[in-house]
Each structure stands twice: as structure tokens, then as C-alpha cells.
Amino acid sequence: VFTPATVAAAPEDPLFGLMKAYREDPSDKKVDLGIGAYRDNNAKPWILPVVKKADDAIHNDPSLNHEYLSIGGLADFTSAAQKLIVGADSPAISEKRICSLQTISGTGAVHLGGLFLSKFHPAQPTPTIYLSNPTWANHHQIFTNVGLTLANYPYFSTKTKGLDFDGMLGALRAAPLGSIVLLHACAHNPTGVDPSQEQWKQIAELMRERHQFPFFDTAYQGFASGDLTRDAWAIRYFVEQGFELCVAQSFAKNFGLYGERTGAFHFVSAPGADASTASQHIASQLAILQRSEISNPPAYGARIASRVLNDPVLFAEWEEDLRTMSGRIQEMRRGVRERLEKRGTPGTWDHITTQIGMFSFTGLSETQVKILRDKWHVYMTKNGRISMAGLNTHNLDYFVEAIDSVVR
Ligand code: PLP
């Protein structure tokens, strides 16, 4: 029987706990910098104009119905998602050595990839997956649940508030041959710190030497820099270098399709005579796993994304929307840094503008984070991560005043 003794109460998800505390705070000054979802300059969720357009077209399309999609999802969507991430002219596509399935957003893609690797990775019974320290908290839960062994590589330097590149390379060099390495393709969550292209090249070189398997998680393509190609650079470089790898791709942030759970999982086989056969086998096994977990993925978000991705006019409008979101975030970064530097707030603040994407690791301590919440009604995760999208021209001065007061 299931009793309180056999089923202990699980701790509340820290992020969702933070959201609840924010909602219940009656202060009219409160600032939400917790959840990683885009907000406009009035702190409201933003429906991308191009998504609204695609959505309207779907509502008026008499050819659509509510039938199941296939196990692998909407084919027009997965093929466009594939081109978006590896590039339309990638040899992985022309050589038929990439297979793609539609998933329950990025989370589902990470899970499907983890499950596949736990079953088929040659280092049985338990291959080790190396995660950056820190990483998106859900990585730990997902990979533990599918039975992979977890290990960490250093990532963030508290001294420079940038990449601990030596620490990262040292850990990968020491990792067993053939380990899986989870890499954030761009706009690392939670730090906002990415390797430079030069550093990515060195990471690739070392991983090749160590026969390691790159598992890319990409949740911010186009959202980070405003440029879809630039944000896919690392993945395309690894594919070019002939790696066998996989990619978990989310369209939550770059389409603003958070609740529609729109994503894809891609597996790229290394070039070689049997690569396309291997790819077919892999696709068939992924389909079996998918069938047992979700049967077939949800249609709605994939239809929206597919319309945009496959129509050159809508695609160009989407790129404009991406520039709107990333541009506003970059403006907020500059705004925070300028104001702190102007005030002479103790510390260095250049990391606010060198970090990229939705999040910034401020370097604030847990005590400072608590004072910000209790006294200033400013909500962020206790590791000092802020979601830049929660800042806007109305609360920027107040936020900077609060930061200034807690670090003095
Ligand atoms: N991976 C990373 C690094 C993320 O930051 C996120 C979202 O915050 C995801 C994956 C997956 O998000 P979703 O399942 O909403 O697509």
C-alpha cells in the first residue's frame, strides 16, 4: 500500500515555488525575474505576430482535422526543424544520416535522447553523461530517470563570471573514453555564458580525441543573438567535423510556443558507408520508444511552426520577431550595466552584457537574493540567476536601485 511512509512528500519545484510566492506578493513594485519566458516591455507574455498569423490560417484551413499525427510527428515540421538546425545544405541531410522525431518540446527531446542512449549506448550497462556545472536543473532529473550515470564538468568561473574553460577541458580530458557530454548549443541556462567559436573548436578537438558523444540541447536558437545561423554555429561545426551526435531542439522560446510543447529530437550518424542504414535503424528504435511514451506528438504547435518554417515570407517575419525579442533583451542588459556603472555600484558589471540570451548569472549571493525578495519584492532563483525578459523600461531603475542597495 502507498502510505506517507512509503511515499515521502517530494520537495516543491524551486522555480514553480518562486512563481507562486511572486503571485501572492501584493506589492505593486514586485519584479518577476524567475521564470524563463519572454515578456514584453509591459511585463506581459508576447504572442509573436507571425505566430498569430499562422494560427489564424490554421483556424481557417478546412483541410485540417483532429486525427493523430504519425509516431514521428508532422513530417513537414520535422524536416524543416532539421534544416533549421543543421543547415539546409548539410551533408547529414543529403547523405540521409540524420533522423528526426517530433517531441514534447525540448524537455521531451532531452528525455527521448536520454532514453535512447541509456538503452543503446555501447558502454552498457550505464554510460556516463557529463553535465555542465551548473546546468538546467531538469537535466539532472531527466537523465537520472532514464538510468544514465551523471557526472559534472566545471563551467562557470565565479571569479570572471565567464567560462571556466580550463576547468571544462580538464574534466573532459579526464572523462572516460566514449562518455556522453551534454552541451548547451547557445545561451547557456542558467549562466548566459557560451564558449567562443575558437573555444568550441578546442572542445570538439578534445572530444574527438576522447571519442566522446556530443548531446546538444538547443532551446534558444535565434532568441539569443537574433540570428538563427549564428546560434546554430556550434552544432553545425560539430556536424561538419564528422561527429556522431544528437540534438534536443525546443521551439518554446523562439516561437513563444511554451504551452504547445513543440520540439524535435535529431540523431546525426557519422559519415560512412553504413551511415544511412544506421540512421534508419536508429529512427526505427526511436519510434518504438516514442510509441511507448506518448504514442504520437501533439499537432497544434507543430502546425504553427511548420507553416512559418516552410513559407519564405512568414519565415522572414519570424526572423524579425526574433530580432524584436533578442534586441529588447540586449537593450535591458545594456541598461542594467550602464546604470550600475554610473552609480559606482561595487563590483564589475561587464558580464551583464557579455552574457547572452534569456538569463544572466549576476553573481549575487543567496543572502543578497533573499534580501532582494523580502525587502525589494524582486524575485530571482537563489543562485542569483535573473531572467532578463522580466526587466523593462518601467522597472529597470527600481531593479538597479535594489541591486545597488544589497551589494553595498
Ligand atoms: N533545455 C534548456 C537548456 C532549457 O533552458 C529549456 C527551457 O527552459 C529546455 C531545455 C526545455 O524547455 P521546453 O520543454 O519548454 O521546450
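The figures here come from the full heavy-atom set of this structure, side chains too, leaving out hydrogens, waters and symmetry mates. Quantities reported herein were computed from a predicted structural model and do not represent experimental measurements. Ligands are counted one by one from 1 in listed order, and the atoms in each one are counted from 1 as well.
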- [ ] Give a yes or no on whether the backbone of V378 and the side-chain of Y22 come within a donor-acceptor separation of less than 3.5 Å.
- [x] no
Open item on the list: Within the 4.5 Å heavy-atom criterion, are F77 and L69 side-chain neighbours or not?
Closed with: no
One pair per line, please: each N/O atom of ligand 1 matched with every protein N/O atom under 3.5 Å away, atom names first, then the distance to 0.1 Å.
residue, atom, partner, partner atom, Å
ligand 1, 1 (N), D217, OD1, 3.2
ligand 1, 1 (N), D217, OD2, 2.6
ligand 1, 5 (O), N189, ND2, 2.7
ligand 1, 5 (O), Y220, OH, 2.8
ligand 1, 8 (O), K253, NZ, 3.0
ligand 1, 14 (O), G106, N, 3.4
ligand 1, 14 (O), T107, N, 2.9
ligand 1, 14 (O), T107, OG1, 2.4
ligand 1, 14 (O), R261, NH2, 2.8
ligand 1, 15 (O), R261, NH1, 3.0
ligand 1, 16 (O), S105, OG, 2.5
ligand 1, 16 (O), G106, N, 2.8
ligand 1, 16 (O), S250, OG, 2.6

Open item on the list: Do Y379 and D25 make a side-chain contact, defined as non-hydrogen atoms from C-beta onward lying under 4.5 Å apart?
Closed with: yes
Open item on the list: Working to the nearest 0.5 angstrom, can you tell me the gap between L245 CG and I235 CD1?
Closed with: 8.0 Å
Task: Ring centroid separation F213 to F267 under 6.0 Å - done: yes
Open item on the list: According to salt bridge (charged side-chain N to carboxylate O under 4.0 Å, His left out), does anything in residues 55-69 pair up with another residue at least two apart or in another chain? List the pairs.
Closed with: K52-D56, D61-R307
